[in-house]
Amino acid sequence: MAAFDYDLFVIGAGSGGVRAARIAAAHGAKVAIAEEYRIGGTCVIRGCVPKKLLVYASRFASEFEEAAGFGWTLPGKPVFDWRTLIANKDREIARLESIYKANLERAGVTVLKTRATLDGPHEIRLDSENRVVTAAHILIATGGTVNLDPALPGMQHAITSNEAFHLDRLPKSIVVCGGGYIAVEFASIFHGLGVDTTLIYRGEKILRGFDEDMRDGLTEALTRHGVKVITGTVLTAIETQPAGLQLALESGASIKTDQVMFAIGRSPNTAGLGLEKAGVLTGTKGQIGVDAFSKTNVAHIYAVGDVTDRVNLTPIAIREGHAFADTVFGNKPAKVDHTMIPTAVFTSPEIGTVGLSEASARAGGQPIDIYKANFRPMKSTLSGATDRMIMKLVVDQATQKVLGVHVLGPDAGEIIQMAAIALKLGATKADFDATVALHPSAAEELVTMREKWIPPV
Ligand code: FAD
């Protein structure tokens with residue numbers, strides 16, 4: 001006789017929660033999942049997917065310009081319509097959401113459209129249904145929330161990535177605050193769509209944690225394209241004016257703009273979740289502490305994805321959710337390997353990266369060899385585009401293992417996905433050299449770099 005309503009209750013139907021629920025159900029568990037907003041979570045509804053659609057849209061302007069070098073003449077000046085883009089994007093997101101929901105239901109998962117919070121170690125309160133259900137196991141997969149700066153006067157006039165996907169109209173000018181990948185991606189998107197764009201970051205250089213050559217190369221490219229990149233300062237006030245917003249900067253400068261967007265990081269979404277009622281412990285950022293199997297300090301409560309603040313990316317949340325379900329319901333204990341994770345920054349030009357940056361490899365103390373290439377992509381020879389492509393290998397001197405690959409330029413993300421397989425297999429520089437080049441391509445440079453880079457003295 002079942003002592004609980006469910007074998008598993010999942011809070012949050014995002015990347016991690018959906019995968020965990022489906023796999024656990026496939027293992028025979030009786031599963032329910034609660035979602036307070038939309039099925040699919042951040043990635044599908046207001047993260048990776050809609051962002052990439054906007055990235056595609058933002059790249060057409062330069063492609064129209066480049067077409068002339070290849071003999072194309074456009075009948076007139078291309079015209080962009082923001083509302084069409086957003087309507088088409090919304091239609092696609094709704095389609096994906098319905099697929100996610102159907103997949104859950106087909107797997108036998110009960111989908112509950114409500115906010116859910118913990119009401120005890122095995123009790124879950126369903127807000128919109130005003131009832132409490134019980135479960136033998138609970139998975140917390142509530143993701144993250146955008147950080148704001150509540151002390152900043154006028155903060156209420158700023159938007160975040162959540163609102164950026166639903167603006168009624170494209171602003172004429174925007175200031176994006178932040179230096180992480182979401183901030184630079186949105187700056188690049190808005191700029192590509194013809195918005196006068198400024199990026200303001202309090203640190204010295206954008207994209208902390210990325211390889212220095214990528215950080216410098218992207219800053220240089222964005223600046224050359226016309227994005228104003230201002231570092232080493234923050235906003236001190238946002239004021240409304242009859243014709244937009246007036247921003248005051250710590251540096252003393254002021255900027256008039258149509259819109260201001262904050263992308264200053266995200267935090268684990270644990271506020272008000274009732275964790276204390278179940279005895280689940282959190283860390284200083286509110287993240288749920290878990291072991292290698294995603295188990296919290298309470299034996300039957302697990303957490304996966306951004307709420308644990310390990311590596312905040314969709315494929316990781318999915319893997320953690322899958323590994324949890326296999327471990328607890330599939331009798332197949334599984335841990336997620338959080339190393340060698342490929343990742344991209346979908347700016348124009350884009351960055352793809354896997355493994356160690358030069359700085360982190362050097363910080364590890366091991367002697368390394370660096371190989372670098374900096375060249376004009378073939379397409380630019382006729383298009384006249386000024387962008388450079390930068391490629392870099394970080395190689396362990398003793399073992400000759402390739403520790404990191406970094407690419408800035410067209411299709412960098414696609415290139416890095418493949419390079420990641422080689423690194424996962426422990427490829428050496430000799431393996432890269434032994435791989436036949438695919439010609440003519442940009443990626444062939446990764447297997448034809450022969451000269452070690454000598455740092456300037
Ligand atoms: P989420 O997908 O955030 O899902 C959590 C879900 O829980 C949400 O649907 C939320 O509504 C729901 N929820 C929260 N609390 C409750 C509650 N109490 N009751 C019921 N439901 C609740 N990652 C990449 O890999 N590549 C990218 O290019 C990329 N781009 C991004 C761009 C943006 C703008 C953003 C914001 C994120 C991006 N990410 C990207 C990160 C990615 O979206 C997250 O890492 C991923 O969604 C984490 O999955 P998750 O399951 O942990 O949480």
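One-based numbering, in listed order, for ligands and for the atoms of each. All residue numbers in this chain count up from 1 along the given sequence.
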Charged N-O contact under 4.0 Å between [X] and [Y]:
X: Arg131; Y: Asp119; value: no
X: Asp196; Y: Lys228; value: yes
X: Glu212; Y: Arg215; value: yes
X: Arg388; Y: Glu220; value: no

Distance-only N or O hit between ligand 1 and [X], under 3.5 Å:
X: Arg46; value: no
X: Phe346; value: no
X: Lys51; value: yes
X: Glu185; value: no
X: Ser161; value: no
X: Thr42; value: yes

Top protein contact for [atom], by heavy-atom distance:
atom: atom 39 (N) of ligand 1; answer: Tyr181 OH, 3.1 Å
atom: atom 21 (N) of ligand 1; answer: Glu36 N, 3.1 Å
atom: atom 4 (O) of ligand 1; answer: Gly14 CA, 3.2 Å
atom: atom 11 (O) of ligand 1; answer: Glu35 OE2, 2.6 Å
atom: atom 51 (O) of ligand 1; answer: Gly16 N, 2.8 Å
atom: atom 35 (C) of ligand 1; answer: Ile182 CD1, 3.5 Å
atom: atom 7 (O) of ligand 1; answer: Gly12 CA, 3.2 Å
atom: atom 29 (C) of ligand 1; answer: Cys48 SG, 3.3 Å

For Asp387 against Pro377, the heavy-atom pair lying closest together: O-CD, 3.2 Å
Contact summary for Thr296 and Ile301, nearest pair of heavy atoms: OG1-O, 2.7 Å
Looking only at heavy atoms, is any part of [X] under 4.0 Å from ligand 1, and if so is it the side chain, the backbone, or both, or is it neither?
X: Asp306; value: both
X: Leu313; value: both
X: Lys52; value: neither
X: Leu273; value: side chain
X: Thr114; value: backbone

Sequence neighbours excluded, every pair satisfying side chain to side chain donor-acceptor pair (under 3.5 Å) that has a member inside residues 19-40: Arg19-His322, His27-Asp326, Glu36-Arg115, Arg38-Glu97
Donor-acceptor pair, side chain of Asp211 and main chain of Glu358, under 3.5 angstrom: yes
Backbone N/O of Ser348 and side chain of Glu350: donor-acceptor pair under 3.5 Å: no
Side chains of Asp309 and Asn312, donor plus acceptor under 3.5 Å: yes
Quick one: sort the [X] and [Y] rings into parallel, tilted or perpendicular, breaks at 30° and 60°.
X: His191; Y: His225; answer: parallel
X: His300; Y: His122; answer: parallel
X: Trp82; Y: Phe80; answer: perpendicular
X: Tyr6; Y: Phe9; answer: perpendicular

Report yes if the side chains of [X] and [Y] come closer than 4.5 Å at any heavy-atom pair, otherwise no.
X: Val402; Y: Phe432; answer: yes
X: Leu245; Y: Lys256; answer: no
X: Phe186; Y: Phe165; answer: yes

Which of the ligand 1 atoms, numbered from 1, are nearer than 4.0 Å to a heavy atom of [X]:
X: Cys43; answer: 43 (O), 47 (O)
X: Pro315; answer: 25 (O)
X: Asn269; answer: 14 (C), 15 (N)
X: Tyr37; answer: 11 (O)
X: Thr314; answer: 23 (N), 24 (C), 25 (O), 42 (C), 43 (O), 44 (C), 45 (O), 46 (C), 47 (O)
X: Gly305; answer: 52 (O)
X: Ala34; answer: 20 (C), 21 (N)
X: Arg266; answer: 36 (C)

Thr117 heavy atom under 4.0 Å from ligand 1: no
Heavy-atom nearest option to atom 53 (O) of ligand 1, drawn from Ala317, Gly143, Gly17: Gly143
Shortest reach to atom 5 (C) of ligand 1 by a heavy atom, considering only Gly41, Ala116, Ala141, Ala183: Ala141
